[in-house]
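Below is one structure; the comments refer to it alone.
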Amino acid sequence: QVTLAESGGGSVQAGGSLRLSCAASGYRASTYRMGWFRQAPRKEREGVAAVNSEGRTSYVDSVKGRFTISRDNAKNTLYLQMNSLRPEDTAVYYCAADQQWPTSTILAAGTWTYWGQGTQVTVSS
């Protein structure tokens with residue numbers, strides 16, 4: 001069974017940092033693309049960052065220069081380092097994985113197969 005478990009969320013003040021982790025089990029993460037998505041109240045789920053099986057990354061424009069996605073294949077773990085956080089970054093953050101298109105970094109939620117339960121990130125002014 002494929003499972004994804006996020007951790008590292010919390011409450012911080014604007015300008016602070018958080019590091020999210022996603023522990024994957026049931027498959028070899030190196031053969032999948034992996035990504036981070038977020039959903040704020042009353043908004044659609046938004047792709048934040050992705051890394052494919054070849055190591056290529058992509059980011060939504062609003063987080064470029066502030067967030068960094070990385071993966072440790074030996075540990076089957078995905079990370080999202082978030083710096084210079086803003087109140088508009090407040091959302092539930094979800095880890096995702098997909099095996100059908102392992103070389104893709106497209107940030108469309110409908111193309112991803114497996115999802116974690118989410119971790120809350122709250123940024124206060």
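Position 1 is the first residue of the sequence; numbering continues from there.
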query = Would Phe37 end up clustered with Ile69 when hydrophobic side chains under 4.5 Å apart are linked, directly or stepwise?
reply =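 The answer is no; the residues belong to distinct hydrophobic clusters.
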
query = Among the clusters formed by ILVMFWY side chains lying less than 4.5 Å apart, do Tyr32 and Leu80 turn up in the same one?
reply =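 Same cluster.
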
Nearest 0.5 angstrom please: [X] [atom1] to [Y] [atom2], how far?
{"X": "Met34", "Y": "Thr57", "atom1": "CE", "atom2": "OG1", "value": "14.5 Å"}
{"X": "Thr122", "Y": "Leu85", "atom1": "OG1", "atom2": "CG", "value": "10.5 Å"}
{"X": "Glu88", "Y": "Arg38", "atom1": "CD", "atom2": "CZ", "value": "8.5 Å"}
{"X": "Cys22", "Y": "Arg71", "atom1": "SG", "atom2": "CZ", "value": "10.0 Å"}
{"X": "Ser30", "Y": "Asn73", "atom1": "OG", "atom2": "CG", "value": "5.0 Å"}

inquiry  = Do Val60 and Glu46 make a side-chain contact, defined as non-hydrogen atoms from C-beta onward lying under 4.5 Å apart?
reply    =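 Val60 reaches Glu46 side chain to side chain.
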
ask   = Within a strict 4.5 Å, meaning less than it, do heavy atoms of the Gln81 and Ser70 side chains meet?
value =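 No, every pair of side-chain atoms sits at 4.5 Å or beyond.
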
Qualifying salt bridge (charged side-chain N to carboxylate O under 4.0 Å, His left out) pairs with a residue from residues 94-122, counting only residues at least two apart or across chains =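 Matches after skipping sequence neighbours: Arg33-Asp98.
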
message = Between Gln39 and Tyr93, do the side chains contain a donor N or O and an acceptor N or O under 3.5 Å apart?
response =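 No, Gln39 and Tyr93 have no side-chain donor paired with an acceptor closer than 3.5 Å.
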
task = Could you tell me whether the side chains of Asn52 and Thr105 share a donor-acceptor contact shorter than 3.5 Å?
result =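 No, no side-chain donor-acceptor contact under 3.5 Å.
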
query = What is the minimum heavy-atom distance between Pro87 and Ser125, and which atoms define it?
reply =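 The pair with the smallest heavy-atom distance is CG-OG, 3.4 Å.
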
query = Are any side-chain N or O atoms of Thr77 and backbone N or O atoms of Lys75, one a donor and one an acceptor, separated by less than 3.5 Å?
reply =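 Between the backbone of Lys75 and the side chain of Thr77 there is a qualifying donor-acceptor contact (under 3.5 Å).
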
key: ring pair (Phe, Tyr, Trp, His ring centres under 6.0 Å) involving Tyr94 - partner list, sequence neighbours excluded   =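 Testing Tyr94 for ring pair (Phe, Tyr, Trp, His ring centres under 6.0 Å), a comparison that skips the adjacent residues, returns none.
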
request  = With sequence neighbours excluded, tell me which residues meet ring pair (Phe, Tyr, Trp, His ring centres under 6.0 Å) with Trp36.
outcome  =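 Partners of Trp36 under the ring pair (Phe, Tyr, Trp, His ring centres under 6.0 Å) test: none.
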
Ring pair (Phe, Tyr, Trp, His ring centres under 6.0 Å) contacts touching residues 46-86 (sequence neighbours left out) =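 Sorted result for residues 46-86: empty, none.
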
query = Does the ring of Trp115 carry Arg45 above it, NZ/CZ under 6.0 angstrom from centre and within 45° of its axis?
reply =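 Yes, a cation-pi geometry.
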
task = Only one of Leu107, Val48, Val51, Ile106 passes side-chain contact (heavy atoms from CB on, under 4.5 Å) with Ser58; say which it is.
result =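 Result: among Leu107, Val48, Val51, Ile106, Leu107 is the only option passing the side-chain contact (heavy atoms from CB on, under 4.5 Å) with Ser58.
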
query = Going through the checks in order, is the side chain to side chain contact (heavy atoms under 4.5 Å, CB included) test met by Leu20 and Val121?
reply = CA-CA 9 Å; Leu20 305 183; Val121 172; 4.1 Å; yes

request  = Could you list who else is in Trp101's hydrophobic cluster, with ILVMFWY side chains joined at under 4.5 Å, directly or through other members?
outcome  =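 Listed partners: none, Trp101 stands alone.
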
Check: residues 2-13 side-chain donor-acceptor pairs under 3.5 Å, at least two apart:
{"unit_1": "Thr3", "atom_1": "OG1", "unit_2": "Ser25", "atom_2": "OG", "d": "2.3"}
{"unit_1": "Glu6", "atom_1": "OE1", "unit_2": "Gln117", "atom_2": "N", "d": "3.1"}
{"unit_1": "Glu6", "atom_1": "OE1", "unit_2": "Gly118", "atom_2": "N", "d": "2.9"}
{"unit_1": "Glu6", "atom_1": "OE2", "unit_2": "Cys95", "atom_2": "N", "d": "2.7"}
{"unit_1": "Glu6", "atom_1": "OE2", "unit_2": "Gly118", "atom_2": "N", "d": "3.2"}

task = Answer yes or no: are there more than 12 heavy-atom neighbours, outside Glu44 itself, under 6.0 Å from its atom CD?
result =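 Result for CD/Glu44: open.
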
request  = List the steps, then state whether side chain to side chain contact (heavy atoms under 4.5 Å, CB included) holds for Arg66 with Arg86.
outcome  = CA-CA 10 Å; Arg66 300 189 298 122; Arg86 305 165 180 170; 3.5 Å; yes

